[in-house]
Amino acid sequence: MSYQKIENLKEQAFSKIKAAQNSADLYQVKVEFTGKNGRLTEIMKDMAGLSKEERPLFGKKVNEVKSEFEDAYLAREKTLKTQEINQKIQAEALDLSLPGSLSAPGTIHPIQRVTEEICQIMSRLGYSLRTGPMIEKDYYNFEALNIPADHPARDMQDTFFVDPTHVLRTHTSPIQIHSLDREKPPLRILGTGPVFRCDSDISHLPNFHQIEGMCVDRQVSMADLKGSISFFVREFFGPGLKTRFRPSFFPFTEPSAEVDCSCPICLGKGCALCKQSGWIEIGGSGLINPKVLLGSRVSYPEWQGFAFGFGIERMAIIKYGIDDIRHFPENDVRFLRQFKI
Ligand code: DAH
């Protein structure tokens with residue numbers, strides 16, 4: 001009777017293995033027959049009703065069926081798993097005819113581009129780049145540049161004060177002082193970055209960019225300054241452009257000169273960009289005031305120097321014929337896209 005039961009179970013188990021259409025269903029068959037409370041496991045309980053002689057034979061038979069079940073199970077599992085993997089591969093196959101998703105490459109911001117170009121040109125004269133903090137001690141922004149408190153020259157720059165002794169730097173000239181303090185002459189450095197002034201209209205931004213140059217060497221004259229800046233203007237704007245130096249005043253230079261270049265749009269004839277003058281101002285310059293050198297413990301007249309500071313937005317406006325300075329911080333892609341390399 002019990003043998004018959006085993007045979008029946010075996011038949012049922014095998015046909016269920018065959019019928020299973022996926023590995024999950026197949027696993028359920030395993031649970032049903034050889035699991036902890038499975039039917040082939042439970043049948044061992046029938047042993048209790050058998051005679052002593054019959055028990056080992058019965059046990060052997062059950063174990064044989066179990067092992068046949070296991071073999072059949074593994075074979076079916078292999079087939080089903082292979083089928084499933086193949087189905088998955090097919091479902092995930094790439095459709096190479098589908099259009100890809102376009103990622104629009106960015107462009108270098110014109111301010112960055114002009115900065116890099118200036119650095120590249122000046123590096124040919126031996127200049128290398130420095131940076132400095134945007135929040136400066138009053139000392140570096142004014143005092144060390146020979147602009148003491150109450151000096152009327154402070155009115156030239158409308159200052160954002162962070163606290164009574166710190167300002168948002170109003171120019172890149174403090175980078176000169178950091179360099180004089182830390183480095184030994186001879187020096188040829190550039191300092192660049194954002195500067196801040198409490199000023200805003202069609203041609204002024206409260207946050208704009210400057211680039212500063214400083215040369216400190218044994219014998220430096222206005223001729224060196226004029227030669228270096230004229231070289232730069234020709235390289236940056238084009239070979240036909242002239243440079244003009246107008247006497248001016250900065251507390252940190254003596255003598256001082258404002259730098260103009262001939263208008264690259266009308267080449268000096270007069271147009272709207274240069275306000276019919278034929279010239280465009282690009283920045284200030286001069287021989288470093290000995291007070292500044294001595295303040296940073298640079299021995300003068302053993303060491304002398306010249307310096308200059310240009311507005312980067314202004315240079316970009318001139319070079320690319322941009323009509324409004326406010327385009328720079330707006331980040332309108334229609335504007336920025338025009339500066340693709
Ligand atoms: N720092 C000046 C400004 O922002 C520009 C300047 C003038 C820089 C003369 C210099 C210089 O280095 O020598 O208006």
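Whatever order the structure lists them in is the order used to number ligands and atoms, beginning at 1.
Near Phe250, meaning under 4.0 Å from one of its heavy atoms, ligand 1 places the atoms 7 (C), 9 (C). Every atom of ligand 1 is numbered from 1 in the order shown, and the set under 4.0 Å from a heavy atom of Ser173 is 1 (N), 8 (C). Those atoms of ligand 1 with a heavy atom of Gln210 less than 4.0 angstrom away are 3 (C), 4 (O). Within ligand 1, the atoms closer than 4.0 Å to a non-hydrogen atom of Gly286 are 13 (O), numbered from 1 in the order shown. Each of the following atoms of ligand 1 lies closer than 4.0 Å to a heavy atom of Thr253: 13 (O).
For ligand 1, the polar-atom distance check finds an N/O of Ala307 within less than 3.5 Å of one of the ligand's N/O atoms. Ligand 1 has no nitrogen or oxygen under 3.5 angstrom from a nitrogen or oxygen of Thr170. Taking distance alone, with nitrogen or oxygen atoms compared against 3.5 Å, Glu212 approaches ligand 1 more closely than that limit. At least one N or O atom of Gln176 sits closer than 3.5 Å to an N or O atom of ligand 1.
Looking only at distances, no side-chain donor or acceptor of Glu212 sits under 3.5 Å from a matching main-chain atom of Gln176. A donor-acceptor distance shorter than 3.5 angstrom exists from the side chain of Asn22 to the backbone of Ala24, with no hydrogens or angles considered.
Ring centroid separation for the pair Tyr320 and His327 does not come in under the 6.0 Å cut-off. The aromatic ring centres of Phe308 and Phe232 sit 6.0 Å or more apart.
Put simply, part of Arg197 is less than 4.0 Å from ligand 1, judged by heavy atoms. Using a 4.0 Å heavy-atom cutoff, Ser285 is listed among the residues neighbouring ligand 1.
Residues Val220 and Trp303 fail the side-chain proximity criterion, which asks for heavy atoms closer than 4.5 Å.
A perpendicular orientation is assigned to the rings of Phe328 and Phe335, their planes being inclined by more than 60° (bins at 30° and 60°).
The part of Phe252 lying near ligand 1 is the side chain, judged by heavy-atom distances below 4.0 Å. Within the 4.0 Å heavy-atom criterion, neither part of Met214 lies near ligand 1.
Between Tyr27 atom OH and Glu77 atom CD the span is 10.0 Å, to the nearest 0.5 Å.
Partner of Arg234 under the side chain to side chain contact (heavy atoms under 4.5 Å, CB included) criterion, chosen from Phe237, Phe236, Phe231: Phe231.
Ion pair Glu258/Arg244 not flagged as a salt bridge, since none of the NZ, NE, NH1 or NH2 atoms sits closer than 4.0 Å to an Asp/Glu carboxylate oxygen.
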